[in-house]
Amino acid sequence: MTDSQKEATRQAALDYHAQPRPGKLEIRATKPMANGRDLSRAYSPGVAEACLEIKADPANASKYTTRGNLVAVVTNGSAVLGLGNIGALASKPVMEGKAVLFKKFANIDCFDIEVNESDPEKLAAIVCSLEPTFGAINLEDIKAPDCFIVERICRERMNIPVFHDDQHGTAIVVGAAATNALYVAGKTFEEIKVVSTGGGAAGIACLNMLLKLGVKRENIWLCDVHGLVHVGREIEMNPEKAAFAQATDLRTLGEVIGGADLFLGLSGPNIMTPEMVKAMAKRPIVFALANPDPEIMPDLAREAVPDAIIATGRSDFPNQVNNVLCFPFIFRGALDVGATEINDAMQVACVQGIAELARASTSAEAAAAYHGEQMTFGADYLIPKPFDPRLSGVVSTAVARAAMESGVAARPMADMEAYKAGLDASKFKSALLMRPVFQAASTASRRIVFAEGEDERVLRAAQAILEETTEQPILIGRPEVIARRCERAGLSIRPERDFNIVNPQDDPRYRDYWETYHGVMARKGVTPDLARAIMRTNTTAIGAVMVHRNEADSLICGTFGEFRWHMKYVNQVLQDESRRPHGALSMMILEDGPLFIADTHVRVTPNAAQLAETAIGAARHVRRFGIAPKVAFCSQSQFGNQPDEGAERLRQAIALLDEAPRDFTYEGEMTIDAALDPELRERLLPGNRMKGAANVLIFAYADAASGVRNILKMKAGGLEVGPILMGMGNRAHIVTPSITARGLLNMAAIAGTPVAHYG
């Protein structure tokens, strides 16, 4: 990196911290504070009721305050990673960053507390005095051996979890990486020789974790700046180091590295040589974790021993040992069951959860966050990526279960499956709302054909379908391309073994398909030659023919191309007297709940009857999500105050709906703010038929509906489920090119729901 590049990087980091407002944290109220009533409940006199409940039973603090979800990150700045003893104030950006990670990855609220105190016993006393405020304590960046003293005192005196992340967080992630490295190398903890450099807090904690995982103490050789830790050594020794002293005449790293299976470096740069790597056992494991410069650069280690398994602490090489894989999730599990400590059982459960997740298929969300990186379990992918949203559900659940089984959970849970589902729902915004749909889909094993079967999003969705549902995916595409892309994406599924394929270039059903298509289209200008060509090249038409022939139950298409182009072929093959598309409905999941938008794609300028039909169909589909539909017909006109053509069509649609009893609420025409604000609507039209905010918005023009949908998605962070193609009896759905793998899984669940469940 050139000097100018370094300066640009430095300035970008400073700008990130300074703009648009200083720092990385803010405090937000979780309750309304809009009037005197709110004030009287939040503060005097109402607050006294909560205080008295806590006085009567201290456990109520987790019910009436944030304490049960509040962690303190505490430091004196004496050992900041890569910076050393920079003092408490200078460490604040690091601690703020830690708090941000707690919130981002585990939705845990966090205060950073920087303390000007170098005496470990006094620092421990300060931390202990904070117990009434917090549900747990994360000690951070305190130098060794002071950190051992602080943690010991706090753990003895406090009845909440105390966790020194530099020690135990590092140890847990190293334990997970080592578990999988040994799996790849075909070795076991019980048989390996370990050589470690670095006798600080992290290094000692990692060695203690390896002992818990099965490594024999006599097989651990610890070196520091003064050489091997051996029996009788006096220079810079403490009880933690002495526990690993060897009775030997050997004194240097070079003398003890021979035959080592695992090198664990938590020390400094360039202390290991290629010759040392060559001296290790077959298929050596090299964890060079010093930051920013490791004990040996990975390319040098790999050049010395090509099949070496290597991890570092850096993000620009595979297998970054990063504490963020651990601390948010071990605290999440501990807080949720009211653990009084984080014990060995919980730490080992965390190790196992992280390791097992890496051996599973890679999530689509992690693949998107690390686009272009190979994430197939093996020597270069030993631990999952921090942005894998499954970490919370898998790891936190394992930790919570271990806390209960080891007897330290004050609030044990009866239903761990429901707990995991809740954690997943917090990461996958659609999970909670989609649960009724997935449950309905589980009652039948429907066959879903994907027109764009070579798309990586489709492949990831297919794997998730096989893991999470009873549906049977069918992919249209070239088998060799699909197999190659599954392997590249780190997916365990393979063509024909796990799912069926239709190969447009060479399929024994080709003649049957083109003859079927020609039979449907013979009097609509399609010749046999054209039918043959379409069945070789048009995967949407192929999928529609499969549904028509009852070889599949539903078609999903549209991951590329234009919506109406796909709809042309869906209409050609699947539309009949009882089935015709009459609208596209999108569920937009927002921070305050779902909002449904229609019709976004099908009818550009629907007439009054079509608008009424859209409302009826939308209400029926909204109920599939367990939601009572409240339909608002939206316009720039407000209850008849403008005579424009679009508003007139909406008024006519409402009149048509009024001709028969309806099982849903509807109102209009009105502006969007009136639809979503009941108080405003009541002022404009007192006694209107709708109570509360509308949850379905129907527009007179498709471009208005589509525009609202896209604004909610791009500027309000809305997550789309859909578009759901209404009117086709669940035989086809046309998605949009922006859909994700998770979105395709959701659409497969919708397509997999038997028609009887929604009419």
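Worth knowing before you read on, the calculation uses all heavy atoms, side chains too, and leaves out hydrogens, waters and symmetry mates. Numbering starts at 1 and runs along the sequence shown.
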K24 to Y16, cation-pi by 6.0 Å centre distance and 45° axis angle: no
Would you mind reporting whether V195 and L253 have side-chain heavy atoms less than 4.5 Å apart? yes
Does L89, at its CG atom, have more than 12 non-hydrogen atoms belonging to other residues, nucleotides or ligands within less than 6.0 Å? no
When you look at CZ of R497, are more than 12 heavy atoms from neighbouring residues, nucleotides or ligands closer to it than 6.0 Å? yes
Crowding at CZ, F317 (>12 non-hydrogen neighbours, <6.0 Å): yes
Would you give the length of the straight line joining atom CD of E151 to atom CD of Q167, rounded to the nearest 0.5 angstrom? 5.0 Å
Near K187 NZ, under 6.0 Å, is it more than 12 heavy atoms from other residues, nucleotides or ligands? yes
If you apply the rule salt bridge (charged side-chain N to carboxylate O under 4.0 Å, His left out), what do you find for D112 with K98, and how did you get there? CA-CA 8 Å; D112 61 290; K98 192 72 177 279; over 6 Å; no
Do F287 and F263 make the cut of ring centroids closer than 6.0 angstrom? no
Between R283 and D307 (side chain of the first, backbone of the second, donor and acceptor by atom type, cut-off under 3.5 Å), is there such a pair? yes
Apply side-chain hydrogen bond (donor to acceptor under 3.5 Å, both in side chains) to the pair E356 and Q352, showing each step before the final yes or no. CA-CA 6 Å; E356 289 169 6; Q352 294 169 342; over 6 Å; no
Check this for me: E467, atom CD, are more than 12 non-hydrogen atoms of other residues, nucleotides or ligands nearer than 6.0 Å? yes
Between N322 (side chain only) and P386 (backbone N and O only), is there a donor and an acceptor less than 3.5 Å apart? no
Look only at the side chain of Q246 and the backbone of I220, and say whether a donor-acceptor pair between them is shorter than 3.5 Å. yes
Assess whether atom CD of E121 is packed by more than 12 heavy atoms of other residues, nucleotides or ligands within 6.0 Å. no
Side-chain donor/acceptor of N180 to backbone N/O of L382, under 3.5 Å: yes
Is it true that D336 and Y419 share a donor-acceptor pair across their side chains at a distance under 3.5 Å? yes
Given 3.5 Å as the limit, does a donor-acceptor pair link the side chain of S196 with the main chain of L264, or not? yes
Is it the case that the side chain of E295 and the backbone of N270 share a donor-acceptor pair, with hydrogens and angles ignored and the cut-off at 3.5 Å? no
For H168, run the ring pair (Phe, Tyr, Trp, His ring centres under 6.0 Å) check against F163, F148, F331 and tell me which one passes. F163
With a 4.0 Å cut-off, would you call R484 and E487 a salt bridge? no
Please check if the side chain of Q5 supplies one atom and the backbone of T2 the other of a donor-acceptor pair under 3.5 Å. yes
Checking the side chain of E191 only, and the main-chain atoms of T188 only, is there a donor and an acceptor separated by less than 3.5 Å? yes
Using only atom types and a distance under 3.5 Å, with no angle test, would you say the side chain of T75 pairs donor to acceptor with the backbone of D141? yes
Ring centroid separation for F327 and F105, is it under 6.0 angstrom? no
Does E341 use its side chain to pair, donor to acceptor, with the backbone of V162 at less than 3.5 Å? no
Rounded to the nearest 0.5 Å, what's the gap from CG on N319 to CD1 on I310? Could you check? 9.0 Å
Distance col, row K282:NZ vs D261:CG, nearest 0.5 angstrom, shows 12.0 Å
